[in-house]
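To start, the structure itself, in structure tokens.
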Amino acid sequence: MFKIPKAMQIYWLECGKPKVSLADSMRIESTIGSTLPAPYVEFITQYGFVVFGRDFEKRYHFDYAIVYPDRTEIHEGNIRFLLQTEPLLIAYETLTTTEFDDDEDFPKFPRNYLPVGNDAGMGQILLELGEHPGRVWYWPFNEWAWGIEDNTWLGFVADDFYGFINQLRP
């Protein structure tokens with residue numbers, strides 16, 4: 001269940017951002033070859049592809065954890081907006097594939113992660129599609145392809161989209 005402050009709900013209602021249609025959700029699922037997690041679908045159906053941080057409290061910060069063999073580090077991330085259908089599909093195809101055999105810049109992260117939102121820069125909010133579908137992860141922008149240099153980790157944010165939205169803070 002989402003626990004969204006009234007100020008955020010009012011702002012989103014006044015902005016009138018588009019909501020997902022059944023056709024669009026089916027198109028996304030067809031492209032990614034997986035069912036969209038129910039909490040995410042519930043959110044974009046009820047609230048739409050919203051912008052974060054412009055409500056009275058400016059709630060758009062969250063914590064994410066990076067787990068190393070010898071320690072866990074907690075960092076702060078942010079979300080600014082959710083990607084609408086077409087940009088989401090473009091981001092998924094662009095960021096999870098290699099265009100050329102000698103491409104040293106892509107993919108940015110594995111295909112079993114769906115980019116559903118952006119931070120204030122070029123980082124991505126990701127939904128896991130694989131072993132634990134629906135978990136939320138954070139990928140801070142990295143110029144290297146996945147597995148090269150320091151582009152070897154994702155930050156764990158929440159077990160599902162409910163937990164992600166409910167933990168946002170000013």
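Along the sequence shown, the residues carry numbers beginning at 1.
The backbone N or O of F106 sits less than 3.5 Å from a side-chain atom of T98, completing a donor-acceptor pair. Using a distance-only test at 3.5 Å, with no hydrogens or angles considered, a donor-acceptor pair links the side chain of N166 to the main chain of M1. In this structure, N78 contributes its side chain and A120 its backbone to a donor-acceptor pair below 3.5 Å. Of the possible polar contacts, none joining the E73 side chain to the I66 backbone as a donor-acceptor pair under 3.5 Å is found. Checked by atom type and distance alone, the side chain of T45 never pairs as donor or acceptor with a backbone atom of E42 at under 3.5 Å. The main-chain N or O of N142 is found under 3.5 Å from a side-chain atom of K108 such that the two form a donor-acceptor pair.
The ring pair (Phe, Tyr, Trp, His ring centres under 6.0 Å) with F52 is formed by just one residue from the set F164, F81, W12; it is W12. With F109 as reference, W139 is the one residue of F141, W139, W144 to meet the ring pair (Phe, Tyr, Trp, His ring centres under 6.0 Å) rule.
Enclosure of atom CZ in R54 is not indicated, since only 12 or fewer non-hydrogen atoms of other residues, nucleotides or ligands lie within 6.0 angstrom. For CD of E131, the number of neighbouring non-hydrogen atoms (other residues, nucleotides, ligands) closer than 6.0 Å is 12 at most.
In this structure, T85 OG1 and M26 CE are separated by 13.0 Å, a value rounded to the nearest 0.5 Å. Between atom OH of residue Y60 and atom CG of residue D55 there is a gap of 10.5 Å, rounded to the nearest 0.5 Å. To the nearest 0.5 Å, atoms CZ (R135) and CG (D160) are separated by 11.0 Å.
The aromatic ring centres of F161 and Y40 sit less than 6.0 Å apart.
K58 is not listed as a side-chain neighbour of M8, based on a closest heavy-atom distance of 4.5 Å or more. Counting only heavy atoms from C-beta outward, the side chains of N118 and Q124 approach each other to under 4.5 Å. Residues R59 and I4 form no side-chain contact, since every pair of their non-hydrogen atoms from C-beta on lies 4.5 Å or further apart. Side-chain contact between L83 and I90 is absent, with no heavy-atom pair separated by less than 4.5 Å. Here the side chains of E128 and Y113 are in contact, with some heavy-atom distance below 4.5 Å. Looking at F62 and Y138, their side chains come closer than 4.5 Å, going by heavy atoms from C-beta outward. No side-chain heavy atom of I28 sits under 4.5 Å from any side-chain heavy atom of Y92. Residues F49 and I44 meet the side-chain proximity criterion, which asks for heavy atoms closer than 4.5 Å.
Residues I79 and L36 share a single hydrophobic cluster, defined by chaining ILVMFWY side chains whose heavy atoms lie under 4.5 Å apart. Side-chain heavy atoms closer than 4.5 Å link hydrophobic residues (I, L, V, M, F, W, Y) into clusters, and following such links, even through other members, never connects I32 to L126. Linking ILVMFWY residues whenever their side-chain heavy atoms come closer than 4.5 Å, directly or via other members, places L82 and L89 in the same cluster. Hydrophobic cluster membership is shared by I125 and V41, with clusters built from Ile, Leu, Val, Met, Phe, Trp and Tyr side chains linked at under 4.5 angstrom. The hydrophobic cluster containing V136 does not contain L154, counting ILVMFWY residues as joined when their side-chain heavy atoms lie under 4.5 angstrom apart, directly or transitively.
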Item to complete: Test E143 against M122 for side chain to side chain contact (heavy atoms under 4.5 Å, CB included), laying out the working first.
Response: CA-CA 10 Å; E143 65 185 64; M122 295 190 302; over 6 Å; no
Worksheet item: Which is it for E93 and R111 under the side chain to side chain contact (heavy atoms under 4.5 Å, CB included) test, yes or no, and what are the steps along the way?
Response: CA-CA 9 Å; E93 289 302 320; R111 272 187 87 72; 3.3 Å; yes
Worksheet item: Between Y47 and K17, does a side chain to side chain contact (heavy atoms under 4.5 Å, CB included) hold up when you go through it step by step?
Response: CA-CA 8 Å; Y47 300 104; K17 292 292 184 182; over 6 Å; no
Fill in: Trace of the side chain to side chain contact (heavy atoms under 4.5 Å, CB included) decision for Q84 with D24
CA-CA 9 Å; Q84 294 181 34; D24 281 345; over 6 Å; no
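Ion pairing between R169 and E76 holds under the 4.0 Å rule for side-chain N and carboxylate O. A salt bridge links R27 with E86: the closest approach of a Lys/Arg side-chain nitrogen to an acidic carboxylate oxygen falls below 4.0 angstrom.
Nearest approach of P37 to G134, heavy atoms of both residues: CG-CA, 3.5 Å. When every heavy atom of P39 is checked against every heavy atom of F2, the shortest pair comes out as O-CZ, 3.3 Å. Of all the heavy atoms in P170 and E57, the pair that sits closest is CB-O, 3.1 Å. Of all heavy-atom pairs spanning A65 and I74, the tightest one is CB-CD1, 3.7 Å.
Taking the six-membered ring for Trp and thresholds of 30 and 60 degrees, W153 and Y64 have nearly parallel ring planes, at less than 30 degrees apart.
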